[in-house]
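To start, the structure under review is shown below, and the notes come after it.
Residue numbers start from 1 in every chain, and the chains themselves are labelled A, B, ... in the order their sequence lines are given, proteins ahead of strands. Values reported hereafter were calculated over all heavy atoms of this structure, with side chains retained and with hydrogens, waters and symmetry mates removed.
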Amino acid sequence: MQLTELELIRREKLTQLRNLGINPYPADLFPLDSNSKEIKQHFEEGKKVTIAGRLMRKNIQGKASFAQLQDSEGRIQVYFNRDEICTGEDKTQYNEVYKKLLDIGDFIGIEGKLFTTQVGEKTVMVKKFSLLSKALKPLPQPKVDAEGKVHDAFTDAEQRYRQRYVDLVVNPHVKEVFIKRTKLFNAMRTFFNDREYFEVETPILQPIPGGAAARPFVTHHNSLDIPLYMRIANELYLKRLIVGGFDGVYEFSKNFRNEGMDRTHNPEFTAMEIYVAYKDYNWMMDFCEQLLEFCASEVNGTTKATFGEHEIDFKAPYARVTMAQSIVDFTGFDISGKSEEEIRSAAKEMGVDVDDTMGKGKLIDEIFGEKCEGNYIQPTFITDYPKEMSPLCKEHRTNPELTERFELMVCGKEIANAYSELNDPIDQRERFEAQLKLADRGDDEATAFIDFDFLRALEYGMPPTSGMGIGMDRLIMFLTNNASIQEVLFFPQMRPEKKKVEMTEDEKEVFTILKNNSPMELDALKSQSGLSNKKWDKTIKGLTKNKIVKVEKTEEGLLVSAV
RNA sequence: GACCUGGUAGCUCAGUUGGUAGAGCACCUCCCUUUUAAGGAGGUGGUCCUGGGUUCGAGCCCCAGCCAGGUCACCA
């Protein structure tokens, strides 16, 4: 492993610490009794505290020094004074251990008492400190100046995602995003649990990937010798539980879709799905806006949220527009009662890209997606979707071409999708079969599997039920003003890092030639290697740099020898 | 998948027709007992993403590739 100078220095310090009898990775617990936040909130002059955290700044002024300690709650200033720490003659603890052997990033424990400095900063006067864990790699050290401007921030997106631990240590705003993420989950749980809906878990490995139209990941179970799919949705399992007699079930579902990755798609993402018996989609719309209003204020302390250039407000109620009306609003074209061909040619006139594999529902969806969707900035329910694109949704009570479905749009994106669930087993079977036909016709979004066990469950009877799914990642993006899903996932999927080879192929080759004839003349070695000038130069420099070979000038000329 | 932009020190970034690789912070040494992004003085530190090519000479130009970000397309 090639170490940088900074890493070598820190490793050397490990040895020096051990020579002083200090274990840089002690096993015993550290009895902390406070933290940075508590100290600042309940500050008492002279109070004794025991705290621990990472050393994040050292500002040494001879025999005194100010430093900053960062713990899970934030940072607190600590004051190291030589004569406070070393009361006797031996000043090693301050002069050597603190000043020289402690680095930014090291975990230390501190016993001290609180005081206020002359400039009024709440500070811990260190009486005793101990090393809890030494950091061998240097952290980036962003700094904030008096005007609040950040210098040297750790900003490279690739490095931040690949090394999220570093990102979290040095970028407090990043940590804040994830705290809000968890607050959102907690708020939703509270909202559901208060209404006595029941949190459940359903299979992630499924023999049939159902409940959505998406390409699944496939794996294989050895003892059963069958393919298994990682779930793309949990809908069909939750409905089985409604059949089984639960009145309300919900699950935070990690779903997996084997599709492209971009700033709004990660191969694994989190959806929340909830199903409530004896309800319909009208009830669910009321429920949804109450839920989001509650969640937004739990997360941000207000129902308002800023997203890019938009100010959005999650305060209920939200506008409700039928899909047909929306298309009239933005295109002037009325889809009601029109045939597939009429809609297709209308779409073409509007400049919407359509083809012959598209059925009526898909055509309408294309028009809506192209012309309408992006216009809804404030939370808006779009209702009554075409039947063809909603195979799990109950037919509309007043129009057999439509379904009782809504999606909630925010900033032009869908964040929730809900139905009056289809509970007619015969209709459901026909809809699945229609999907198969669409799939055969070439629509790769149509579901190509029929879950017969799900149909069997419906045949035992499912009460009228409304269900809703919410894209948790997208919702938290809106609540934290992040345009990229990677910013709201701790560990977004990345291409694997290439590992660096110790010796290049050329270096190996040259070394092999040399090993059998060491030492040999440089020119001879060069011509035997058959490398171009440039390549030779790079190779021999690489080898000498890593102290694998040595070049010496002698009376006979340049000699290369293996080390 | 297409196009655009980027990849240089631990971090943030400069780098002139193509002519000895730079700055700030960090780090190291010395001085400094209540400071607050940055006290003073001196110093160390480089696979310029990778591989080819052009050239006397490439961080820079050309070709191919890798990785990331963005825009679109596709997809919920």
Practice task
For the residue pair A:Phe66 and A:Tyr79, categorise the inter-ring angle as parallel (less than 30°), tilted (30 to 60°) or perpendicular (more than 60°).
Solution key: tilted
Handout entry: RNA chain B: 5'-proximal contact among A:Glu370 and A:Ala157 (nearest heavy atom)
Key = A:Ala157
Practice task
With heavy atoms under 4.0 Å as the rule, sort A:Gln141 into base, sugar-phosphate or nothing.
Solution key: sugar-phosphate
Exercise for the section: Could you check whether A:Asn417 gets within reach of a base, just the sugar-phosphate, or nothing at all, counting any heavy atom under 4.0 Å? Expected result: nothing
Handout entry: side-chain N/O A:Gln159 vs B:C11 OP1/OP2, d < 4.0 Å
Key = yes
Exercise for the section: Could you give the distance separating B:C31 and B:U12 at their P atoms, to the nearest angstrom? Expected result: 33 Å
Exercise for the section: Under a 3.5 Å limit for both distances, which nucleotide forms a Watson-Crick or G-U wobble pair with B:C72, could you say? Expected result: B:G1
Practice task
For A:Leu6, answer base if it contacts any base atom (sugar-phosphate contacts may also be present), sugar-phosphate if it contacts only those atoms, and nothing otherwise; contact means non-hydrogen atoms under 4.0 Å.
Solution key: base
Exercise for the section: Give one of base, sugar-phosphate or nothing for A:Phe115, where a contact means two heavy atoms less than 4.0 Å apart. Expected result: base
Problem - Separation of B:G10 C1' from A:Asp103 CG (nearest whole Å) - result: 12 Å
Practice task
Provide the distance between the two P atoms, one in B:G18 and one in B:G59, to the nearest whole Å.
Solution key: 12 Å
Problem - Geometric class of the A:Phe80/A:Tyr98 ring pair [parallel <30°, tilted 30-60°, perpendicular >60°] - result: parallel
Completion exercise
Checking B:C67, B:U34, B:C11 against the side chain of A:Glu158 (C-beta onward), the nearest is B:C67
Handout entry: N or O in side chain of A:Arg57 less than 4.0 angstrom from B:A37 OP1/OP2
Key = no
Handout entry: B:G57 to B:A21 separation - P atoms, rounded to the nearest Å
Key = 16 Å
Handout entry: A:Asn255 side chain near A:Thr270 side chain, heavy-atom distance below 4.5 Å
Key = no
Problem - Flag if over 12 foreign heavy atoms under 6.0 Å of NZ, A:Lys47 - result: yes
Exercise for the section: Calculate the interatomic distance between A:Ile9 atom CD1 and B:C27 atom P; express it in whole Å. Expected result: 10 Å
Handout entry: Spacing between A:Glu7 atom CD and B:C28 atom P, to the nearest angstrom
Key = 14 Å
Problem - Residue list, side-chain hydrogen bond (donor to acceptor under 3.5 Å, both in side chains) with A:Thr264, at least two apart or on another chain - result: A:Asp262
Problem - P-based separation of B:U54 from B:G70 [nearest Å] - result: 38 Å
Problem - Partners passing side-chain hydrogen bond (donor to acceptor under 3.5 Å, both in side chains) against A:Thr123 (at least two apart in sequence or in another chain) - result: A:Gln77
Fill in the blank from the handout: Across every strand shown, the nucleotide meeting Watson-Crick or G-U wobble geometry with B:A64 (both distances under 3.5 Å) is B:U50
Exercise for the section: In whole angstrom, give me the gap between the C1' atoms of B:A41 and B:U55. Expected result: 45 Å
Problem - Side-chain-base donor-acceptor pair under 3.5 Å for A:Gln118 and B:U35 - result: no
Fill in the blank from the handout: Scanning all shown strands, the Watson-Crick or wobble mate of B:C11 with both distances under 3.5 Å is B:G24
Practice task
Can you tell me the distance, in whole Å, between the NE2 atom of A:His265 and the C1' atom of B:G1?
Solution key: 16 Å
Handout entry: Separation of B:C75 C1' from A:Arg263 CZ (nearest whole Å)
Key = 13 Å
Handout entry: Euclidean distance for C1', B:C32 against B:U20 (whole angstrom)
Key = 38 Å
Exercise for the section: Would you indicate what A:Glu12 reaches in the nucleic acid, counting non-hydrogen atoms under 4.0 angstrom: base, sugar-phosphate, or nothing? Expected result: nothing
Exercise for the section: Indicate the ring-plane relationship of A:Tyr376 and A:Phe368, choosing parallel, tilted or perpendicular according to the 30° and 60° boundaries. Expected result: parallel
Practice task
State the pairing partner of B:A58; accept Watson-Crick or G-U wobble contacts with both distances under 3.5 Å, and report none otherwise.
Solution key: none
Practice task
Look at all strands and tell whether A:Glu259 reaches a base, only sugar-phosphate, or nothing, counting heavy atoms closer than 4.0 Å.
Solution key: sugar-phosphate
Practice task
Round to the nearest Å and state the distance from A:Ile85 atom CD1 to B:U34 atom C1'.
Solution key: 14 Å
Practice task
Between A:Glu121 and A:Lys99, just flag the one whose closest nucleotide in RNA chain B comes earlier from the 5' side.
Solution key: A:Lys99
Problem - Interatomic distance where CD belongs to A:Glu5 and P belongs to B:C11 [whole Å] - result: 14 Å
Practice task
Supply the atom-to-atom distance A:Glu404 CD to A:Leu422 CG, rounded to the nearest 0.5 angstrom.
Solution key: 11.0 Å
Handout entry: Complementary nucleotide for B:A41 - Watson-Crick or wobble, under 3.5 Å
Key = B:U29
Practice task
Could you state the atom-to-atom distance from CE of A:Met56 to P of B:C27 in whole Å?
Solution key: 12 Å
Practice task
Decide yes or no for A:Pro138 and A:Arg10: does some side-chain heavy atom of the first lie under 4.5 Å from some side-chain heavy atom of the second?
Solution key: yes
Handout entry: Residue-phosphate contact under 4.0 Å: A:Thr155 side-chain N/O, B:C11 OP1/OP2
Key = no
Practice task
Would you mind classifying the nucleic acid contact of A:Glu84 as base, sugar-phosphate or nothing, using non-hydrogen atoms under 4.0 angstrom?
Solution key: nothing
Exercise for the section: Classify the side chain of A:His151 and the base of B:C25 as holding, or not holding, a donor-acceptor pair under 3.5 Å. Expected result: no
Practice task
Taking the side chain as every heavy atom from C-beta outward, state whether A:Leu131 and A:Leu101 have any pair of such atoms under 4.5 Å apart.
Solution key: no
Practice task
Among B:U36, B:C30, B:C11, find the nucleotide with the atom closest to the side chain of A:Thr117.
Solution key: B:U36
Handout entry: Nucleic acid contacts - residues 58-69 of chain A versus RNA chain B, non-hydrogen atoms under 4.0 Å
Key = A:Asn59, A:Ile60, A:Gln61, A:Gly62, A:Lys63, A:Ala64, A:Phe66
Handout entry: A:Arg431: which of A:Leu436, A:Thr403, A:Leu392 passes side-chain contact (heavy atoms from CB on, under 4.5 Å)
Key = A:Thr403
Exercise for the section: Look at A:Lys143 and B:A26 and indicate whether a side-chain polar atom (N or O) is within less than 4.0 Å of OP1 or OP2. Expected result: yes
Exercise for the section: Give A:Arg162 one of three labels, base, sugar-phosphate or nothing, depending on what nucleic acid heavy atoms sit under 4.0 Å from its own. Expected result: sugar-phosphate
Exercise for the section: Pick the P atom in B:C13 and in B:C49, then give their distance to the nearest Å. Expected result: 15 Å
Exercise for the section: Using a 4.0 Å heavy-atom cut-off across all strands, classify A:Thr264 as base, sugar-phosphate, or nothing. Expected result: nothing
Problem - Whole-angstrom distance between B:G22 and B:G45, as gauged at atom P - result: 12 Å
Exercise for the section: For A:Lys13, report the nucleic acid contact type (base, sugar-phosphate, nothing); a contact means any heavy atom under 4.0 Å. Expected result: sugar-phosphate
